[in-house]
Trainee: 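Dumping the structure here so I can ask a few things about it.
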Amino acid sequence: NADEGVRRSCAILLGYIGDRSALPALQAALEDWEPSVRQSVVRALERIPDPSSIDPLVKLFSRKDEALEVRALVLKALGAIGHKKAVAVLRKELTRKPDGESGEDLRPQAFDALWRSRHVMSRETLIGDVGDALEGKKDPLVLAATHAAADLRSQRLTGKLVPLLDHANAEIRNKAVYALGLIGDKAAEKALLAKLP
């Protein structure tokens, strides 16, 4: 249809219907010339998670001219798919350095998507990725990693959480305290006792 609004509405409705027979049409629509349509298509593909969508989504994500909002949604859709091939893309984005010129940094979104796909990752790999995220400089990434550390309760993360007890962001400090309490090893106990007034 020549009308952008109609194409967008079709994508939204196909996502809500959830019929897998719509996947080829939605995947083809990732190349629509309107960003708002592509955004609706990505959201629809997130609602119908299927490994066949990984390659078309990665192709869209790789476009240098794609809107940042659309690229962030692609990461979310890849996390919903929960496939090892999607995890590889998410881990690569998580380790990528922020773009100095544009200021683009999708690491928080990549981490959220990766955490959503944690069921297809080994625990050791996941702990390593959470540890790396705890050393990040962006507050949303560090906060998400402290939440994940509380769930994982791995003693390997104690050394990365202790420095966060002095973080400028109170929410991160509080979540680090909570995570250390759940981990409960001697090093965590010592760090927490040292913070008592």
Trainee: Which pair of heavy atoms, one from D129 and one from F111, lies closest together, and at what distance?
Mentor: O-CE1, 4.3 Å
Trainee: With sequence neighbours left out, what residues match Y16 under side chain to side chain donor-acceptor pair (under 3.5 Å)?
Mentor: R47
Trainee: Any idea which heavy atoms bring V142 and G136 closest together, and the distance?
Mentor: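 Answer, listing the atom of V142 first, then G136: CG2-O, 3.2 Å.
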Trainee: State whether E135 and K160 are salt-bridged, where the test is any N-O pair (Lys NZ or Arg NE/NH1/NH2 against Asp/Glu carboxylate O) under 4.0 Å.
Mentor: yes
Trainee: Give the minimum heavy-atom separation between A144 and D112, together with the two atoms involved.
Mentor: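 Here A144 and D112 meet closest at CB-OD1, 3.7 Å.
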Trainee: So, are E34 and R8 salt-bridged, with charged N and O less than 4.0 Å apart?
Mentor: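 Judged by the 4.0 Å cut-off on N to carboxylate O distance, E34 and R8 do not form a salt bridge.
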Trainee: To which residues is L13 joined in a hydrophobic cluster, defined by side-chain heavy-atom contacts under 4.5 Å among Ile, Leu, Val, Met, Phe, Trp and Tyr, whether direct or through other members?
Mentor: none
Trainee: Taking L68's backbone N and O only, do any of them form a donor-acceptor pair with R71's side chain (distance below 3.5 Å, no angle check)?
Mentor: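 Here the side-chain-to-backbone pair does not exist.
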Trainee: I'd like to check the side-chain contact (heavy atoms from CB on, under 4.5 Å) partners of A29; sequence neighbours left out, ordered by chain and number.
Mentor: V41
Trainee: State, to 0.1 Å, how close L161 and I183 come at their nearest heavy-atom pair, and which atoms those are.
Mentor: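 Closest heavy-atom pair between L161 and I183: CD1-CD1, 3.5 Å.
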Trainee: I'd like to check the side chain to side chain donor-acceptor pair (under 3.5 Å) partners of K76; sequence neighbours left out, ordered by chain and number.
Mentor: none
Trainee: Are L143 and Y178 connected, step by step, through hydrophobic side chains (Ile, Leu, Val, Met, Phe, Trp, Tyr) whose heavy atoms are closer than 4.5 Å?
Mentor: no
Trainee: Salt bridge check, R116 against E46: does any charged N sit closer than 4.0 Å to a carboxylate O?
Mentor: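 Result for this pair is yes, salt bridge flagged.
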Trainee: Is the shortest distance from a Lys or Arg side-chain nitrogen in R173 or D166 to a carboxylate oxygen in the other one below 4.0 Å?
Mentor: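 No salt bridge links R173 with D166.
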Trainee: So, do D151 and W115 sit near enough that their side-chain heavy atoms are less than 4.5 Å apart?
Mentor: yes
Trainee: My understanding is that only residues two or more places apart in sequence, or in another chain, count here; which of them pass side chain to side chain donor-acceptor pair (under 3.5 Å) with D32?
Mentor: R7
Trainee: Do you know which two heavy atoms are closest between A80 and P49, and how far apart they sit?
Mentor: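 Taking every non-hydrogen atom into account, O-CB, 3.6 Å.
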Trainee: Between A22 and L14, what is the shortest heavy-atom contact and its length?
Mentor: CB-CD2, 3.7 Å
Trainee: Could you tell me whether the side chain of K59 reaches within less than 4.5 Å of the side chain of L30, counting heavy atoms only?
Mentor: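 Contact flag for L30/K59 side chains = no.
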Trainee: Can you check whether M121's main-chain N or O pairs, donor with acceptor, with T125's side chain at less than 3.5 Å?
Mentor: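 Here the side-chain-to-backbone pair does not exist.
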Trainee: Going by side chain to side chain contact (heavy atoms under 4.5 Å, CB included), R38 matches just one of E69, R63, E31. Which one?
Mentor: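 Option passing the side chain to side chain contact (heavy atoms under 4.5 Å, CB included) with R38: R63.
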Trainee: Mind checking side-chain contact (heavy atoms from CB on, under 4.5 Å) for S117 and listing every partner two or more places apart, or none if nothing turns up?
Mentor: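 Once residues adjacent in sequence are excluded, the partners of S117 under the side-chain contact (heavy atoms from CB on, under 4.5 Å) criterion are V87, L90, V120.
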